[in-house]
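Right, one structure below, let's go through it.
Note that this is a predicted model, so its numbers are computed, not measured.
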Amino acid sequence: MLGYMYFCSPAKFVKVPAIKKIVVILMCVCGIAVQAQDPNAYKKGTVKHRLSIAPVASFYKNHPQHTTNTKGKRGFSAAYKAELLLGRRINLLLGLEHMNQNVTFQGYYSAPGATYLFDKTYAYTHEIRMKEVQVPFGFKRSFNNEKDSKYSTYFSGGVGARYMYGSYYVISNDSTENVVYDGKGNLEFEHQVLTQLLNGNGKSFTKRFNTFIFCGLGVQYNFRDSGKGLFFEVGYKYGISRMHYSGYQNSNSLNIKDAQLLYNFGFKF
C-alpha cells in the first residue's frame, strides 16, 4: 500500500504514460478495497457479536416448614453478548438476555381475611411463571488461541443485573381441584439495595431489581479466516437475593432462592 501511495503522488503521476496511469490507479483502488474488505478478525479492540438460545433448568430452595415438593420446570433463554478482544486469550463480555423461569410447590393458602393452620397438609399447589431481563458483564478466557485452532475451549464468568418485569401465578386446591387464583403476580426480591440507595423512591420499580453471578464452560468451532464461530456453552447462574412471593392478596409470605443451569447454543460473528 505504501508503494501504491508513492506512485499515486502528483509528482510521479505526470511522468508516466496514460495507460500506466490507469494501471497504477486500479492497483491503488484494489489495494484499498482488499484492505477494507479483509480486516484483521483477531485485532485487539475488535468487537465480536454472540447470539445464543438455551433451554434452562432451574433449581429452587423454598421454606422447608411452609412448602414441600418445590420443583423447577423447564425454562428458556435468548441472549446477545458483545465480545471485546482484549488480548490473545482474554475478552470482555457485555450483553442483554431474556429469560423465562417456572417453579411449582405445594404449600398453604390464606384467602383474604382468613388465616391458616401450619398443620403440614400443604393443600394448595402454587405455580409461578416469571420473566426477566438481565445484563451480564464479565470476561471470557480461552484455553487456546482461536486464531490458530479449529476448536477452542473457554471459561467465562462475571456478574450481572436482573429485572423481574413480569410474573404469573396459578393457585389451586389439590383436593377439590378448584383454581383459587389464575392471574398476574407481583414477584419481587427480598433485599432492596437499589431502593435503599434511592431513599425508598420508586419502590414498585426498584423492588424488581437485583443481581446475580455467573460462570460457564464452552467449546467453540472457529472459522479462522473470518473470526466467526459456532459454540456450545454450559452456564450456571446464582441469584444474589431471594425472590419474595406474597401470593394472591398477601395469601403467602415466602422467600425463594434460585439458580439456573443453561445449555447455550450460539453463533459468533
Side-chain angles (χ1 to χ4, degrees), residues 53-78 97-134 161-195 200 202-212 235-263:
I53 58 174
V56 178
S58 299
F59 307 93
Y60 301 92
K61 185 176 181 180
N62 215 334
H63 199 300
Q65 295 179 345
H66 292 181
T67 62
T68 188
N69 294 330
T70 300
K71 298 177 181 178
K73 303 180 72 174
R74 183 178 300 175
F76 174 80
S77 170
E97 186 167 356
H98 175 270
M99 187 163 65
N100 287 353
Q101 301 182 65
N102 300 273
V103 58
T104 62
F105 58 88
Q106 292 174 288
Y108 302 110
Y109 171 79
S110 175
T115 59
Y116 48 74
L117 297 175
F118 295 99
D119 54 4
K120 296 187 178 181
T121 57
Y122 309 119
Y124 291 84
T125 295
H126 299 252
E127 180 178 353
I128 308 173
R129 306 168 195 167
M130 61 210 84
K131 295 184 289 186
E132 292 185 45
V133 172
Q134 300 181 347
R162 60 191 300 195
Y163 176 66
M164 190 86 63
Y165 74 89
S167 56
Y168 195 92
Y169 304 160
V170 178
I171 306 173
S172 56
N173 188 302
D174 293 342
S175 59
T176 63
E177 298 185 355
N178 291 332
V179 176
V180 296
Y181 181 72
D182 185 344
K184 292 183 179 180
N186 58 346
L187 197 67
E188 299 170 340
F189 290 102
E190 177 187 11
H191 298 295
Q192 307 299 326
V193 176
L194 185 57
T195 302
K203 286 185 177 181
S204 61
F205 184 75
T206 57
K207 282 185 176 181
R208 298 182 181 183
F209 269 107
N210 221 278
T211 55
F212 64 93
Y236 177 77
K237 291 183 178 181
Y238 181 80
I240 299 299
S241 174
R242 295 184 295 182
M243 298 179 292
H244 181 70
Y245 173 68
S246 57
Y248 172 58
Q249 295 187 357
N250 296 318
S251 63
N252 298 82
S253 182
L254 299 172
N255 292 319
I256 307 171
K257 196 67 179 174
D258 72 307
Q260 298 82 33
L261 199 61
L262 296 85
Y263 303 91

Sole candidate of Arg162, Arg242, Lys61 that passes salt bridge (charged side-chain N to carboxylate O under 4.0 Å, His left out) when paired with Asp258: Arg162
At what distance, to the nearest 0.5 angstrom, does CG of Leu187 lie from CE of Met243? 5.5 Å
On a heavy-atom basis, which atom in Gly183 and which in Tyr181 lie closest, and how many Å separate them? C-OH, 3.4 Å
Pair Tyr165, His98: side-chain N/O donor-acceptor within cut-off below 3.5 Å: yes
Between Ser77 and Glu97: side-chain donor-acceptor atoms closer than 3.5 Å: yes
Please determine which of Val103, Thr104, Thr67 meets the side-chain contact (heavy atoms from CB on, under 4.5 Å) test together with Tyr60. Val103
For the atom pair CG (Asn62) and NE2 (His126), what is the distance rounded to the nearest 0.5 Å? 9.5 Å
Pair Tyr245-Phe105, ring pair (Phe, Tyr, Trp, His ring centres under 6.0 Å): steps then yes or no: CA-CA 12 Å; Tyr245 173 68; Phe105 58 88; 5.8 Å; yes
In chain order, what residues pass the side chain to side chain donor-acceptor pair (under 3.5 Å) check against Thr125, with sequence neighbours excluded? Asp174
Quick one: are Glu132 and Arg208 in side-chain contact, heavy atoms under 4.5 Å? no
Would Phe59 and Leu261 count as a side chain to side chain contact (heavy atoms under 4.5 Å, CB included) if you check the C-alpha gap in whole Å, the side-chain angles of each, and the deciding distance to 0.1 Å? CA-CA 8 Å; Phe59 307 93; Leu261 199 61; 3.8 Å; yes
Does the pair Glu188 and Ser167 meet the rule for a side chain to side chain contact (heavy atoms under 4.5 Å, CB included), with working shown? CA-CA 9 Å; Glu188 299 170 340; Ser167 56; over 6 Å; no
Students often mix this up, so state it plainly: with edges at 30° and 60°, are the rings of Tyr109 and Tyr124 parallel, tilted or perpendicular? tilted
Glu190 and Ser241: which non-hydrogen atoms are nearest, and at how many Å? N-OG, 3.4 Å
Do you know the tightest heavy-atom contact between Asn186 and Gly247? OD1-O, 4.0 Å
My understanding is that only residues two or more places apart in sequence, or in another chain, count here; which of them pass side chain to side chain donor-acceptor pair (under 3.5 Å) with Asn250? none
For His66, which residues count as a ring-ring contact (aromatic ring centres under 6.0 Å, His included) partner, sequence neighbours excluded? His63, Phe118
For Tyr122, ring-ring contact (aromatic ring centres under 6.0 Å, His included) partners two or more places apart: Tyr108
With a 4.5 Å cut-off on side-chain heavy atoms, are Ile240 and Asn210 touching? yes
Look up atom NZ in Lys73 and atom CD1 in Ile128, then write down how far apart they are to the nearest 0.5 Å. 12.0 Å
Going through the distances and angles, do Lys120 and Gln65 end up as a side-chain hydrogen bond (donor to acceptor under 3.5 Å, both in side chains)? CA-CA 8 Å; Lys120 296 187 178 181; Gln65 295 179 345; over 6 Å; no
Go through Asp182 and Tyr168 one step at a time and tell me if the side chain to side chain contact (heavy atoms under 4.5 Å, CB included) criterion holds. CA-CA 8 Å; Asp182 185 344; Tyr168 195 92; 2.5 Å; yes
Taking all non-hydrogen atoms of both residues into account, name the closest pair between Ser251 and Ser110 and its distance. CB-O, 3.0 Å
So OG of Ser58 and NZ of Lys71: to nearest 0.5 Å the spacing works out to 15.0 Å
Show your reasoning for whether side chain to side chain contact (heavy atoms under 4.5 Å, CB included) applies to Met164 and Lys131. CA-CA 6 Å; Met164 190 86 63; Lys131 295 184 289 186; over 6 Å; no
Do the side chains of Tyr248 and Val180 get nearer than 4.5 Å, heavy atoms only? no
Are Phe76 and Ile53 close enough that some pair of their side-chain heavy atoms sits under 4.5 Å apart? yes
For Asn252, all residues meeting side chain to side chain donor-acceptor pair (under 3.5 Å), sequence neighbours excluded: none
Atom pair CD/OH of Gln260 and Tyr238 - distance to nearest 0.5 Å: 11.0 Å
If you round to the nearest 0.5 Å, how far is NZ of Lys257 from OG1 of Thr70? 15.0 Å
Identify, with sequence neighbours excluded, every residue that meets side chain to side chain donor-acceptor pair (under 3.5 Å) alongside Arg129. Glu127
Parallel, tilted or perpendicular, as decided by the 30° and 60° cut-offs, for the rings of Tyr163 and Phe209: tilted
